[in-house]
Amino acid sequence: LVPPLIATIAVTLLGAALAPAHAAEKSRPNIVVIYTDDQGYGDMSALNPQAKFPTPHLDRLAREGIGFTDGHSADTVCTPSRYALLTGRYAWRTSLKSGVLHADGPCLIARDRMTVASLLKGQGYHTSIIGKWHLQMKFPGTIGQRDWTQPITEGPTERGFDFYFGIPASMNYGVLTYVENTRVTDPPSLWTRKKQDKERNTFRFMPPYEAERQGPEDIEIAPSFRDDACLRITTEKAVAYLAGRAPAAKAGTPFFLYLPLNSPHLPHSVAPEFVGQSRVGVYGDFMMETDHRVGQVLAALDENGLTPNTLVFLSSDNGAETGYAPRRTQYQHASSGEFKAGKRDIYEGGHRVPFIMRWPAVIKAGRTCAEPVGQVDLLATCADLLGVALPPDAGEDSSSLLPALRGEDFSRPLRGPLVHHSASGLFAIRDGAWKLNLFRGSGGSLAPARLVSQAGEPPFELYDMQRDWRETTNVHDQHRDIVERLKATATTLVRDGRSTPGKAQKNDGPALWPELATWIPEAATETTKARAKGKKKKAPGADTLDQ
């Protein structure tokens, strides 16, 4: 249906006929963003014909919409990808230069920064998030000394969302309960930790829970919380939300539903009825449940008459978790498809992800687009379809994909160069067919300090992505002019505080930081300073790896 695992994919949108109800754009579309967690490019049977489990509902979206076969998350781990999706700005422009955040703390999105939610809310949309946040929120009190009678602050309802229901972060960061707007639905009064589920071959957060904290690894949990019910509960909440908003949407008040699922991220806490349903162990079971839950959302859109004028965008926050390697050996299932590496890595498997949009009123079904695009483009796309101009200090890295959705015959690329970023702070730049990994030596997930310390100047990694999408042959020596051009472009995109046309903006924090030292020599001074302090600089509460 969407054959993306080869480099010679035809771009079928050029010259395509406009969708039959182009005038329907005047009726502002509802927007649903379904954001899976750690789903690899090959974990969707429409994208991977050799997948060892079916995903009929995900495939339906591809069949009825447009598949961007060169679509990317902005980072290779959770928090920074979510920041970029909602703000149209790369997260490395914030204080978070590597890694991810915890559950409890100041929100990474500044209070005055435009988000997709605040943009749409300002245009009359009802805005909601149901699912995993992981951009931090501030809980009352401190761990072990909470006052749950007080409201939670710095959460989604202070960043443009009218309604929030979900979990604060990845389960291993706590706090394990559901938050509705600014209150917990069940106070986390007990304690738990990772426990091995030998039957399912994964760790879980399973009862019995303890009344007293046993050690520093314990996390707060509500008595009613069950990890294997989380995906079902958030989906049911989303289905109810769609039914509740349908009358207002049909009357002219559209909605924005951001649905960040907790799957298939660890723990692989599959609902009991899906255990053993796949041929790829508990991970495959969890992906089959994920597909089923997406199907429930699509069915709710159908049943409430919302499908024709609803833009559904499905993607993943990064590539497949490290289990992709043993899955390939044990089950012959390639979660990363034909791409190299996975989550946390700068290579394609870390950030090239499913990227599907469906909008029956406008998008002609069954099309593909092979141009490089990013989740960071959501904000500008929403602004464009509503005819709203973004201010200079919003969406600095966001470009509109609306021409591709409309099927317009455009003569220039949809966007300028994309910047890729890894968990450890490494950079790459993609411009057309060329991708330059901006580090010395191989090792897409190595810490920058280790790379900078190497003697000499080994070449960067330059790949021709049209011919070598598996990133097997470094052509640096054959194209030094392209290397120098892309290095200069990347430097400009960093220094200007934006990658789109417009007035230069400031990045948060210092003008240069250690992770840039792999290609900007002046940044090495920051590396030296950081080493002198005995640790690499990072945002408060940030973890280098999202386990």
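Residues take their numbers from the sequence shown, with the count starting at 1.
Within 6.0 Å of the CG atom in Asn201, the count of heavy atoms belonging to other residues, nucleotides or ligands does not exceed 12. Surrounding CD of Glu217 are at most 12 heavy atoms belonging to other residues, nucleotides or ligands under 6.0 Å away. When the shell of 6.0 Å around NZ of Lys138 is examined, it contains 12 or fewer heavy atoms from other residues, nucleotides or ligands.
Ser335 and Asp43 are linked by a side-chain donor-acceptor pair at a separation below 3.5 angstrom, with hydrogens and angles left out of the test. No side-chain donor from either of Ser269 and Asp227 sits under 3.5 Å from a side-chain acceptor of the other. Remark: the Tyr347 side chain and the Glu461 side chain contain an N/O donor-acceptor pair separated by less than 3.5 Å. Defined by atom type and a distance below 3.5 Å, a donor-acceptor pair is missing between the side-chain atoms of Trp191 and Gln214.
Taking a cutoff of 4.0 Å between a charged side-chain nitrogen and a carboxylate oxygen, Arg82 and Asp37 qualify as a salt bridge. At a threshold of 4.0 Å, the pair Asp285-Arg200 does not count as salt-bridged, since none of the basic side-chain nitrogens sits closer than that to a carboxylate oxygen. Checked for salt-bridge contact, Arg93 and Asp397 meet the test: a charged N lies under 4.0 Å from a carboxylate O. Ion pair Glu199/Arg204 not flagged as a salt bridge, since none of the NZ, NE, NH1 or NH2 atoms sits closer than 4.0 Å to an Asp/Glu carboxylate oxygen. Glu471 and Lys340 are not joined by a salt bridge, as no carboxylate oxygen comes within less than 4.0 angstrom of a charged side-chain nitrogen. Salt-bridge formation is detected for the pair Glu321/Arg344: a Lys NZ or Arg NE/NH1/NH2 atom is positioned less than 4.0 Å from an Asp or Glu carboxylate oxygen. A salt bridge does not link Arg113 with Asp508: none of the charged nitrogens is closer than 4.0 Å to a carboxylate oxygen.
For the atom pair Asp377 CG and Leu379 CG, the distance stands at 9.5 Å (nearest 0.5 Å). Rounded to the nearest 0.5 Å, atoms NZ (Lys194) and CE (Met171) are 13.0 Å apart. Between Ile129 atom CD1 and Leu257 atom CG the span is 9.5 Å, to the nearest 0.5 Å. Expressed to the nearest 0.5 Å, how far CG of Asn262 lies from SG of Cys230 amounts to 4.0 Å.
For Thr76, there are no side-chain hydrogen bond (donor to acceptor under 3.5 Å, both in side chains) partners at least two apart in sequence or on another chain. Here Trp148 pairs with Phe139 under the ring pair (Phe, Tyr, Trp, His ring centres under 6.0 Å) rule; sequence neighbours left out. Every side-chain hydrogen bond (donor to acceptor under 3.5 Å, both in side chains) that Ser45 has, sequence neighbours left out, goes to Thr55, Asp59. Residues meeting the ring pair (Phe, Tyr, Trp, His ring centres under 6.0 Å) test with Tyr164, sequence neighbours left out: none. Legend: residues meeting ring pair (Phe, Tyr, Trp, His ring centres under 6.0 Å) with His292, ordered by chain and number and at least two apart, are Phe274.
Geometrically, Lys52 does not engage Tyr331 in a cation-pi contact defined by less than 6.0 Å to the ring centre and at most 45° from the axis. Cation-pi check for Lys97 over Trp513 is met; the charged atom lies under 6.0 angstrom from the ring centroid and within 45 degrees of its normal.
Of the residues listed (Ser81, Ser315, Ser73), the one engaging Gln375 in a side-chain hydrogen bond (donor to acceptor under 3.5 Å, both in side chains) is Ser315, and it is the only one.
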Next item on the list: Output, in order, the C-alpha distance, side-chain angles, deciding distance and verdict of salt bridge (Lys or Arg N to Asp or Glu O under 4.0 Å) for Arg193 and Glu210.
Entry: CA-CA 10 Å; Arg193 69 199 65 84; Glu210 286 75 33; 3.1 Å; yes

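Annotation: salt bridge (Lys or Arg N to Asp or Glu O under 4.0 Å) contacts involving residues 158-178, sequence neighbours excluded, comprise Arg111-Glu158, Lys121-Asp162, Glu154-Arg159.
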